[in-house]
Amino acid sequence: MSKETLIKNARVWPSAHREIIENGSILIRDGRIVKVGHFRYRADIEIDAGGAIAMPGLIQTHVHLCQTIFRGMAEDMALLPWLRGYIWPMEAAHDTASLRASALLACAEMIRGGTTAFMSMETTRHTRTVCEAVHESGLMGVVCHCLMDESGGYPPIAEKTEDALAYCDMLLDEWGDDPDIAIGVAPRFALSCTSDNMRTACDYARDRGLLLHTHASEQKEEVELVRKRTGLSNIEYLHSVGLTGPDVGLAHCVHTDERERDLLVQTDTRVLHCPSANLKLASGTAPIPEYLEMGLVVSLGADGAPCNNRLDQFMEMRQAGLIQKPRLGPDALSAAQLVAAATEGGARTLQREQEMGTLDAGKRANLILVDQDSVHVTPSTDPAANIVYGNVSSDVAMTIVNGRILYEDGAFTTIDIDALRAATRAELKKLLARAEGAGLGATA
């Protein structure tokens with residue numbers, strides 16, 4: 001007989017646009033939510049939330065687990081020289097040991113900050129190692145294998161399209177039946193993949209029901225180069241090769257015109273908003289209120305640690321709200337809309353809205369407890385305002401995925417954090433030595 005877990009004495013917040021259930025309870029069985037509300041029950045495991053908010057786990061939809069070990073390595077640079085001079089050489093220098101440390105470190109940071117599921121874009125090699133690290137951590141995720149070919153202008157990281165998709169076949173053989181880790185396909189962006197590469201990747205993914213993930217219209221220079229190469233705007237070009245639709249996540253979408261926005265709506269393409277990375281790389285401010293007004297599904301992500309430097313969904317919610325108000329006024333983007341983007345928007349982007357994103361009976365028990373006693377949220381009144389503008393990621397007292405506690409009051413249950421810190425430092429030294437031999441910083 002399976003064990004049951006009862007969370008009691010919680011301020012249960014089932015979703016961003018629903019009311020708080022004061023002194024509420026949540027019953028969990030076999031990794032799923034059985035009941036939410038006011039009730040009495042005796043369970044095998046009982047957790048007293050002590051008045052913390054119990055809410056859906058946060059979902060990040062654009063993150064590079066492979067880059068976490070590069071944190072602080074390429075500061076104060078524009079996107080394209082940042083990529084070509086630092087990020088791609090370091091990705092090319094990864095081996096399985098350095099990639100495992102990077103991915104597991106990212107998982108630890110996300111778990112600590114209340115993220116329970118994600119969609120990532122990895123590099124062109126060793127993606128199997130990322131899947132293994134995610135599985136070890138207990139998180140749920142869509143791990144996307146990255147495609148880059150000779151058009152990116154950096155041969156050390158380029159792969160032939162047929163070789164990249166053969167690797168995806170191997171990943172599907174190993175992980176295709178896993179209920180928690182899905183495989184996705186990620187042609188990196190229009191300037192690192194030929195049109196044939198992107199078309200082939202789209203056909204491959206759709207034949208197998210896989211999600212597609214790419215970068216789009218992040219910076220003006222990128223948009224101008226795409227137009228110069230193709231004669232089309234960035235979104236129009238991606239549409240021409242198949243990279244639009246409800247199975248496609250487009251990271252950033254900062255610089256789009258009216259025609260492109262209409263195209264995103266017509267195709268029901270998902271927008272992955274990364275406000276902190278857009279600020280740090282001086283990319284600009286994505287028109288998120290306009291996208292939501294048009295009916296687009298918008299979710300949030302931290303992007304990679306080298307351009308952020310934190311994988312912190314609380315920070316992303318706050319930044320996403322603040323940067324719109326000077327543009328459109330103080331009422332642009334409500335706190336509830338931002339929480340919805342970080343939960344339900346993420347679930348819809350992952351096409352798992354029947355499984356996560358709200359606290360409802362039958363869904364996965366992916367939830368977090370967020371302390372409401374800290375001085376920076378007292379008195380606790382509006383939960384949305386607290387979560388977005390008051391609480392910080394260190395207020396997460398517990399992170400639960402599939403009914404399993406992954407983090408509780410300062411302690412990880414699946415990750416030896418001290419050993420991971422030591423491994424990360426050791427692997428970074430070796431990675432940098434390899435990267436220097438590959439011309440690290442030469443094109444910056």
Side-chain angles (χ1 to χ4, degrees), residues 61-64 76-84 87 121 151-153 186-193 195 198 212-245 248-304 306-308 316 319-329 332-333 338 341 345 349:
T61 56
H62 184 64
V63 63
H64 298 267
D76 306 323
M77 298 181 68
L79 175 66
L80 295 181
W82 177 82
L83 284 171
R84 292 167 178 158
I87 302 305
M121 181 183 294
S151 65
R188 191 158 198 146
F189 74 144
L191 298 178
S192 69
C193 298
S195 58
M198 289 184 155
L212 288 152
H213 185 185
T214 192
H215 299 89
S217 303
E218 185 172 358
Q219 289 199 332
K220 289 181 179 179
E221 183 183 1
E222 166 206 351
V223 171
E224 291 165 1
L225 286 170
V226 171
R227 188 176 293 279
K228 185 176 179 180
R229 281 191 188 183
T230 70
L232 298 171
S233 67
N234 204 337
I235 304 300
E236 287 177 314
Y237 173 67
L238 293 175
H239 179 66
S240 75
V241 297
L243 272 169
T244 51
V248 177
L250 298 185
H252 306 301
C253 297
V254 175
H255 301 285
T256 57
D257 60 29
E258 184 177 351
R259 185 173 176 180
E260 289 178 294
R261 296 176 194 183
D262 288 340
L263 191 54
L264 291 173
V265 172
Q266 292 164 17
T267 57
D268 195 20
T269 302
R270 287 15 183 169
V271 172
L272 321 179
H273 181 38
C274 305
S276 296
N278 293 160
L279 289 171
K280 190 159 186 272
L281 289 172
S283 301
T285 301
I288 299 303
E290 292 91 330
Y291 289 154
L292 289 172
E293 183 67 24
M294 296 173 79
L296 286 170
V297 175
V298 174
S299 56
L300 297 175
D303 207 334
C307 65
N308 192 318
E316 299 311 315
Q319 294 278 37
L322 292 178
I323 61 177
Q324 299 299 334
K325 297 182 185 300
R327 290 183 62 233
L328 301 172
L333 277 185
L338 293 164
T349 297

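Predicted model only: the values in this text are computed from it and were never measured.
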Least distance between heavy atoms, [X] atom then [Y] atom:
| X | Y | answer |
| --- | --- | --- |
| Phe189 | Thr214 | CA-OG1, 3.6 Å |
| Tyr237 | Cys193 | OH-O, 4.4 Å |
| Val254 | Gly284 | CG1-C, 3.7 Å |
| His213 | Met121 | O-CE, 3.6 Å |

>> I need the full list of salt bridge (Lys or Arg N to Asp or Glu O under 4.0 Å) pairs touching residues 270-284, with sequence neighbours left out, sorted by first then second residue.
In response: Glu75-Lys280, Asp268-Arg270
> What pairs meet the salt bridge (Lys or Arg N to Asp or Glu O under 4.0 Å) rule with one or both residues in residues 254-265, with sequence neighbours excluded?
Replying inline: Glu236-Arg259
>> Before you tell me yes or no, could you show the steps for Leu225 and Leu80 under side-chain contact (heavy atoms from CB on, under 4.5 Å), namely the whole-Å CA-CA distance, both residues' side-chain angles and the distance that decides it to 0.1 Å?
In response: CA-CA 11 Å; Leu225 286 170; Leu80 295 181; 3.6 Å; yes
>> Between Thr285 and Gln324, does the side-chain contact (heavy atoms from CB on, under 4.5 Å) criterion hold? Intermediate values first, please.
In response: CA-CA 8 Å; Thr285 301; Gln324 299 299 334; 3.4 Å; yes
>> Is it the case that the side chain of Tyr291 and the backbone of Ala286 share a donor-acceptor pair, with hydrogens and angles ignored and the cut-off at 3.5 Å?
In response: no
Min side-chain heavy-atom separation [X]-[Y] under 4.5 Å:
| X | Y | answer |
| --- | --- | --- |
| Leu191 | Val226 | yes |
| Asn234 | Glu222 | yes |
| Leu264 | Leu250 | yes |

Distance-only check: which donor-acceptor pairs under 3.5 Å involve side-chain atoms of residues 271-279, not counting sequence neighbours?
unit_1 : atom_1 : unit_2 : atom_2 : d
Ser276 : OG     : Glu316 : OE1    : 3.2
Ser276 : OG     : Glu316 : OE2    : 3.0
Asn278 : ND2    : His252 : ND1    : 3.0

> By salt bridge (Lys or Arg N to Asp or Glu O under 4.0 Å), which residues pair with Glu290, not counting sequence neighbours?
Replying inline: Arg327
>> Once salt bridge (Lys or Arg N to Asp or Glu O under 4.0 Å) is applied, do any residues pair with Arg227, and if so which ones, sequence neighbours excluded?
In response: none
> With under 30° as parallel and over 60° as perpendicular, where do the rings of His64 and His215 fit, or are they tilted in between?
Replying inline: parallel
> Does NZ belonging to Lys325 count more than 12 external heavy atoms closer than 6.0 Å?
Replying inline: yes
> How would you list, by chain and number, every residue that makes a side chain to side chain contact (heavy atoms under 4.5 Å, CB included) with Thr267, sequence neighbours excluded?
Replying inline: His239, Thr244, Leu263, Thr269
